[in-house]
Amino acid sequence: MSAALAFRPRTLAAWWPAGLLAALVACAILAPWLAPMDPDRQNLMARLKAPGFEARGALYLLGSDELGRDVLSRVIHGARVSIVVAVSSVLLSGVVGVAVGMLAAYLRGWVETVLMRLVDIFLSIPAILLAIITVAVLGPGFINVILVLALTRWPRYARVAYGQTLALADRPFVRLSRAMGASTPRVLALHILPNIIGPLLVVATLEFGLMVLFEAGLSFLGLGVQPPMASWGAMLSTGRNYIATAWWIATFPGLALFLLVLSANLIGDRLGDLIGKGR
Amino acid sequence: MGRFLLQRSGQALVAIFGVVTLVFFIQRLTGDPVLLLVPETATQEDIEAMRRTLGLDRALWVQYLDFLRDMASFDLGRSYIRNAPVWDILLSRLPQTLQLAAGALVVALVIGLPLGLVMALTQGRPVSRVIMGIVLAFQSLPTFWSGIMMILLFGVTLKWLPPSGTGTLAHLVMPSIALGLLSLATYARIARASVLDELSKDYIRSARMRGVGTGRLVRRHLLRNAAIPVISITALEISQLLAGAVIVETVFAWPGLGLLTVQSIAARDFMVVQAVVLLGAFVTIAANFAADILYTVVDPRVRLTKS
């Protein structure tokens, strides 16, 4: 595609998911300044008030929850939890998984057998179940959720990195650098990684969306981030109990969650198409 | 074929052995598995007694061999909280989860496959892009949100369907849709990709040149050849559905294995949690195995290249 085409308004408009993601990330970063109220401040006089409720000059734009906390402020702060957990677990599982996959494909022999069998074993436990049993042992909490998600998802990156590295390991430039005495970490980091980073980025983007869903899912089940920390999943869990009387408690955090995951999936999809076309 | 079957069975066994080992070590991540099995109110003496009863005071490798032996004889142990064999508890909940998974699979197949076919046949036209957008939106829907929103709309506001619980076919509708939407997206994408792939082949082009109409083309040629990836994906989706059931069952208070898992974690009934995870892994491995076998049956080309 020529550079001129890339700047046509229609092409730019097609990148709206990136704008949406950027806006949500901005929400997370600027949460303390954007949120109209303290997300944890309870007001028992203003419990379960509908969106637009006003009390003593405080406007509850998206209503209040069962403890009289402002739903809008909690949704804004919830973006922090979702994004920080998802980014951390993607980085952690990505680094581990890519290292494992590259080493297995590059070193071959028993290292390959052991590592890739391990990948197969991890992948044969449905991820959410593996996460649940590990949280059941370790206990819930912010850091544990990140660790558990990373533990669950590294094999995904390992598979992709493995396949990509296998295709490269016998190419002349890799063999040359090896013959000239480059160490394994050097070859992997300087010659192989830059050439396989594209497909890995696509995986990481899609995984980001999945990690957001997983965190929310674990928190929804009470196994994730613990109260009073504002997490969209935990808010949905409360909202489910009040669905007949206070629809707004579940609706808005869910909407935010949906938009975040949707933007990540759309971007991942587009990246995948672009990389696919580049080949 | 015989050798492939043998080799593939060997792989499945290794995977099962690996999963059992993994679960054994996850139990010991915090160092003391007894703490997972006793209520929070247990005294130090209770804990010691439990440790001796279960043989957890022995060397780690003895415990490990013991665990392997139990698993090899399909002995999942006893729940100390519910005071019943774990197998009985699982079997009492399994039918509900199977019902839900079947319902979700129907939703996903009946809506997903035609959507994928239409996307492929209208490739390049706006219709195709709109459907793709919808499919992507489905894929991004958190099941616990779409579930709650359905309860709000159809259960609370319109009162068309019971908001939660079990008993009649009407109870099954919303949970099946909530669980099925995710797989629906997968099916639509796979169907689209494999139909597009078939469309580009020579036999389709020559059939078109002979004047074969689209309807006949789809029925006689496309569906059969595009079915192969769909079959293998179904195997993978079954384990996805079982895992997704954990959340959907919680949303709709559907008394299957998923709700059992969540309740067991809250009740610190680790034996049951562990059993559900092992069952989930076993089903996944078995489904993958079945998919590989089906593959060779449906498509002789796979058989040739693999042996």
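Fair warning: this is a prediction, and the values are worked out from it, not measured in the lab. Order of the sequence lines sets the chain letters (A, B, ...), proteins ahead of strands, with each chain counted from 1.
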Do you know which of [options] has the most heavy-atom pairs under 4.5 Å to chain B?
options	answer
L259(A), L262(A), L260(A), L266(A)	L262(A)
L210(A), I132(A), L118(A)	I132(A)
L213(A), T251(A), T134(A)	T251(A)
L151(A), D120(A), D269(A), L130(A)	D269(A)
L236(A), I128(A), V212(A)	L236(A)

With a 4.5 angstrom heavy-atom cut-off, could you sort out which part of [X] is near chain A: side chain, backbone, both or neither?
X	answer
F270(B)	side chain
V262(B)	side chain
T261(B)	side chain
Q240(B)	neither
A185(B)	neither
V251(B)	both
L152(B)	both
F252(B)	backbone

Determine the minimum heavy-atom distance between [X] and [Y], stating which atoms define it.
X	Y	answer
P126(A)	A243(B)	CB-CB, 3.7 Å
T284(B)	L123(A)	CG2-O, 4.5 Å
L129(A)	G280(B)	CD1-CA, 4.0 Å
A244(A)	V156(B)	CA-CG1, 4.0 Å
S164(B)	R240(A)	CB-NH2, 4.3 Å

Point to revise | Interface residues of residues 136-149 of chain B facing chain A - non-hydrogen atoms under 4.5 Å apart | key: L136(B), A137(B), Q139(B), S140(B), L141(B), P142(B), F144(B), W145(B), I148(B), M149(B)
Study note, to complete from the structure: One should read off an interatomic distance between I243(A) CD1 and T157(B) OG1, to the nearest 0.5 angstrom, of 8.0 Å
Practice item. Tabulate, in ascending numerical order, the residues of residues 214-224 of chain A having at least one heavy atom closer than 4.5 Å to a heavy atom of chain B, or enter 'none'. Key: A216(A), G217(A), F220(A), L221(A), L223(A)
Review point. Given the rule in the side-chain contact (heavy atoms from CB on, under 4.5 Å) test, do V19(B) and F122(A) qualify, once you have shown the distances and angles that lead to the verdict?
Key: CA-CA 7 Å; V19(B) 167; F122(A) 268 86; over 6 Å; no
Practice item. Between chain A and each of I265(B), L278(B), L242(B), count heavy-atom pairs under 4.5 Å; write down the option with the most. Key: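 Heavy-atom pair counts peak at I265(B).
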Review point. Between V246(B), T21(B), I16(B), which has the largest tally of heavy atom pairs under 4.5 Å with chain A?
Key: V246(B)
